[in-house]
Each structure stands twice: as structure tokens, then as C-alpha cells.
Engineer: 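Would you mind keeping the following structure in view while I ask a few things?
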Amino acid sequence: MRKSSFALLALAAAAVLSTGAAQAQSAAYAIDPSHTFVTFEISHFGATTNRGRFDKKEGTVQFDRAGKTGKVEITVDTTSINSGTPAFDKHLQSPDIFNAAKYPTIKFVSDKFTFNGDKVSEVAGQLTLLDKTHPVTLKATQFNCYQSPMLKREVCGGDFEATIDRTQWGLDYGVQYGFPKNVRLVVQIEAIKQQ
């Protein structure tokens with residue numbers, strides 16, 4: 001009887017230690033701005049696709065592959081919109097669309113990662129745009145972690161996509177002219193493990 005009590009205690013201690021070890025594997029990662037971009041695409045009267053990219057962004061990631069958990073926070077600067085056409089950039093920054101003077105940032109925050117094996121397949125979170133917050137799930141089209149030969153550190157990242165109804169955030173410019181409500185978001189992100 002005493003022997004089995006010790007065995008139970010040993011098992012309980014092992015469980016606690018293994019839980020602690022799993023939690024200890026969660027690591028901090030910093031967004032690599034040279035490999036991280038947020039891009040949007042919207043149909044232009046069904047003929048072509050308008051695209052724009054935000055060039056300034058920052059963020060952090062907490063990631064634990066063994067425990068299959070993670071957290072991410074990305075902030076983009078709306079004044080850094082880059083469509084390749086300065087006149088279009090000015091209109092995108094205007095009160096008609098992103099209203100960059102009043103709302104200089106867009107933020108995505110998540111603590112819900114879904115895994116397929118050891119790779120992230122989805123990240124569900126909250127997108128704040130024009131001071132309105134709604135849920136968005138970004139689905140991975142590819143994901144990988146690798147040892148960077150240049151940085152000598154682990155880097156994890158992927159390409160993620162979502163299609164949103166922009167009018168949920170009050171971004172309804174052009175709907176009356178026939179521009180679609182749906183916008184495709186493409187988030188390309190790489191994050192460097194911090195030591």
C-alpha cells in the first residue's frame with residue numbers, strides 16, 4: 001500500500017515536471033520586418049485586382065511547438081500604405097478609406113493557434129481597424145520553422161490568408177459604385193527567436 005502511494009506521488013511529480021517543461025518551451029519571437037508584410041487585394045470592377053501593402057509593421061510572437069500554443073500581436077502603420085501609385089496611396093490614406101490621420105494603426109491580436117502536426121494551420125484573433133474590432137481567422141497556406149544560417153537563430157513563419165467583409169469595420173467606400181465588400185488579406189510573417 002505504501003509502495004503504491006509512493007508510485008502515485010512519483011507519477012504526480014513527473015506529470016507536474018513534464019507540464020513545467022512544456023511551458024518552459026514557450027519562447028519569444030520578434031517580427032522580422034524585412035520578411036513580414038500585410039497585403040490586401042480587392043477586385044476592380046471584375047476586370048483587374050487592386051493591391052496594396054503596408055510597409056511599416058511591428059509585433060511579437062510567443063510560440064510553443066511542443067505545447068501547440070501561441071500568441072501574436074501585429075501592428076501596421078496605415079500611413080505606410082504602398083500601392084505603387086502615389087495618387088492612389090493618398091486616396092487610400094484619406095478619410096474615404098483608411099483615414100490614416102485619425103486611425104494611424106491597424107492591429108491583429110491572437111492567442112488561438114490551430115496546428116496540423118507541428119505546423120500552424122490557423123490563427124484566430126481580433127482585427128482592429130477604424131476603431132472597430134471583429135474576429136478574423138487567418139489560414140496558413142504554408143508554415144515552417146528553420147535555423148537561419150545568417151542569424152544563427154530559429155526563425156518561424158508562414159503565409160496566411162483571410163477574406164473579410166470590409167463593411168463590418170465601416171470601410172464601405174465604393175460599394176455604391178460596384179466595388180465588392182470582400183477583401184482578401186495576405187499576411188506574410190517571419191519571426192526570429194529571441195535569446
Side-chain angles (χ1 to χ4, degrees), residues 5-40 53-78 80 103-164 168-169 183-195:
S5 294
F6 282 129
L8 284 172
L9 280 172
L11 282 172
V16 168
L17 287 172
S18 67
T19 301
Q23 288 173 347
Q25 289 177 359
S26 181
Y29 293 72
I31 299 295
D32 177 0
S34 63
H35 291 94
T36 300
F37 294 97
V38 177
T39 305
F40 68 86
R53 185 179 84 182
F54 297 97
D55 288 336
K56 292 182 183 174
K57 59 275 159 186
E58 60 184 19
T60 57
V61 177
Q62 290 288 329
F63 186 55
D64 178 358
R65 263 191 296 178
K68 298 193 184 323
T69 60
K71 292 182 181 179
V72 64
E73 183 172 312
I74 301 173
T75 302
V76 297
D77 181 343
T78 54
S80 73
Y103 305 109
T105 60
I106 298 169
K107 185 176 276 193
F108 178 76
V109 179
S110 170
D111 63 359
K112 293 177 184 152
F113 284 29
T114 301
F115 284 73
N116 182 4
D118 66 347
K119 295 183 184 291
V120 177
S121 59
E122 285 186 2
V123 176
Q126 300 290 322
L127 178 67
T128 301
L129 167 64
L130 298 176
D131 208 28
K132 294 179 177 65
T133 303
H134 294 287
V136 169
T137 298
L138 297 168
K139 297 190 176 190
T141 58
Q142 63 179 354
F143 183 90
N144 193 40
C145 292
Y146 66 95
Q147 193 66 27
S148 169
M150 283 77 75
L151 301 172
K152 311 297 185 199
R153 293 191 198 177
E154 183 184 59
V155 176
C156 292
D159 288 334
F160 295 84
E161 297 180 1
T163 298
I164 63 168
Q168 285 186 288
W169 287 267
V183 175
R184 180 172 174 250
L185 298 178
V186 179
V187 181
Q188 166 194 334
I189 182 169
E190 289 196 22
I192 304 162
K193 189 174 184 179
Q194 302 300 286
Q195 295 175 335

Engineer: Kindly indicate whether the side chain of L138, heavy atoms from C-beta on, has any atom under 4.5 Å from the side chain of F108.
Structural biologist: yes
Engineer: Tell me whether K71 contacts the main-chain N or O of F113 through its side chain, where contact means a donor paired with an acceptor under 3.5 Å.
Structural biologist: no
Engineer: Return the minimal non-hydrogen interatomic distance between P33 and I31, and the atom names on each side.
Structural biologist: CD-O, 3.2 Å
Engineer: Once you round to the nearest 0.5 Å, how far does OG1 of T137 lie from CD of E161?
Structural biologist: 13.5 Å
Engineer: Determine the minimum heavy-atom distance between F115 and D64, stating which atoms define it.
Structural biologist: CZ-O, 4.2 Å
Engineer: What residue pairs, at least two apart or across chains, pass ring pair (Phe, Tyr, Trp, His ring centres under 6.0 Å) with a residue in residues 122-163?
Structural biologist: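 Every pair satisfying ring pair (Phe, Tyr, Trp, His ring centres under 6.0 Å) with a residue in residues 122-163: F63-F143, H134-W169.
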Engineer: Can you list the residues that meet the salt bridge (Lys or Arg N to Asp or Glu O under 4.0 Å) rule with E154, with sequence neighbours excluded?
Structural biologist: R65
Engineer: So which atom in A140 and which in V120 form the shortest heavy-atom distance, rounded to 0.1 Å?
Structural biologist: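 That closest heavy-atom pairing would be CB-O, 3.4 Å.
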Engineer: For side chain to side chain contact (heavy atoms under 4.5 Å, CB included), just list the numbers for I189 and I74, CA-CA rounded to whole Å, side-chain angles, deciding distance to a tenth of an Å, and then say yes or no.
Structural biologist: CA-CA 10 Å; I189 182 169; I74 301 173; 3.5 Å; yes
Engineer: Measure the shortest side-chain to side-chain distance between L151 and I192 over non-hydrogen atoms and say whether it is less than 4.5 angstrom.
Structural biologist: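 Yes. Closest side-chain heavy atoms under 4.5 Å.
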Engineer: Is there side-chain contact between T39 and Q188, with heavy atoms separated by less than 4.5 Å?
Structural biologist: no
Engineer: Spell out, as yes or no, whether a donor-acceptor pair under 3.5 Å connects the side chain of T78 to the backbone of Y103.
Structural biologist: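 Judged by distance alone, yes, a pair lies under 3.5 Å.
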Engineer: For D111, check salt bridge (Lys or Arg N to Asp or Glu O under 4.0 Å) against everything at least two apart and list the hits.
Structural biologist: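 Applying salt bridge (Lys or Arg N to Asp or Glu O under 4.0 Å) to D111 gives none.
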Engineer: Quick one: CZ on F40 to CZ on R184, what's the gap to the nearest 0.5 Å?
Structural biologist: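 Nearest 0.5 Å value for the CZ-CZ distance: 13.0 Å.
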Engineer: Do you know the tightest heavy-atom contact between K68 and G117?
Structural biologist: NZ-O, 2.7 Å
Engineer: Name all residues meeting the salt bridge (Lys or Arg N to Asp or Glu O under 4.0 Å) criterion together with K107; count only those two or more places apart in sequence or in a different chain, and write none if there are none.
Structural biologist: E73
Engineer: Are the side chain of K57 and the backbone N or O of T36 linked by a donor-acceptor pair below 3.5 Å?
Structural biologist: yes
Engineer: Return a table of donor-acceptor pairs under 3.5 angstrom between the side chains of residues 121-133 and protein atoms on other chains or two or more places apart.
Structural biologist:
| unit_1 | atom_1 | unit_2 | atom_2 | d |
| --- | --- | --- | --- | --- |
| S121 | OG | T114 | O | 3.1 |
| T128 | OG1 | T133 | OG1 | 2.7 |

Engineer: Rounded to the nearest 0.5 Å, what separates atom OG in S80 from atom CZ in R53?
Structural biologist: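 If we round to the nearest 0.5 Å, S80:OG and R53:CZ are 9.0 Å apart.
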Engineer: Locate the shortest heavy-atom distance separating F54 from I106; write the atom from each residue and the value.
Structural biologist: CZ-CD1, 3.9 Å
Engineer: With sequence neighbours left out, what residues match E58 under salt bridge (Lys or Arg N to Asp or Glu O under 4.0 Å)?
Structural biologist: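 For E58, no residue satisfies salt bridge (Lys or Arg N to Asp or Glu O under 4.0 Å) once neighbours in sequence are set aside.
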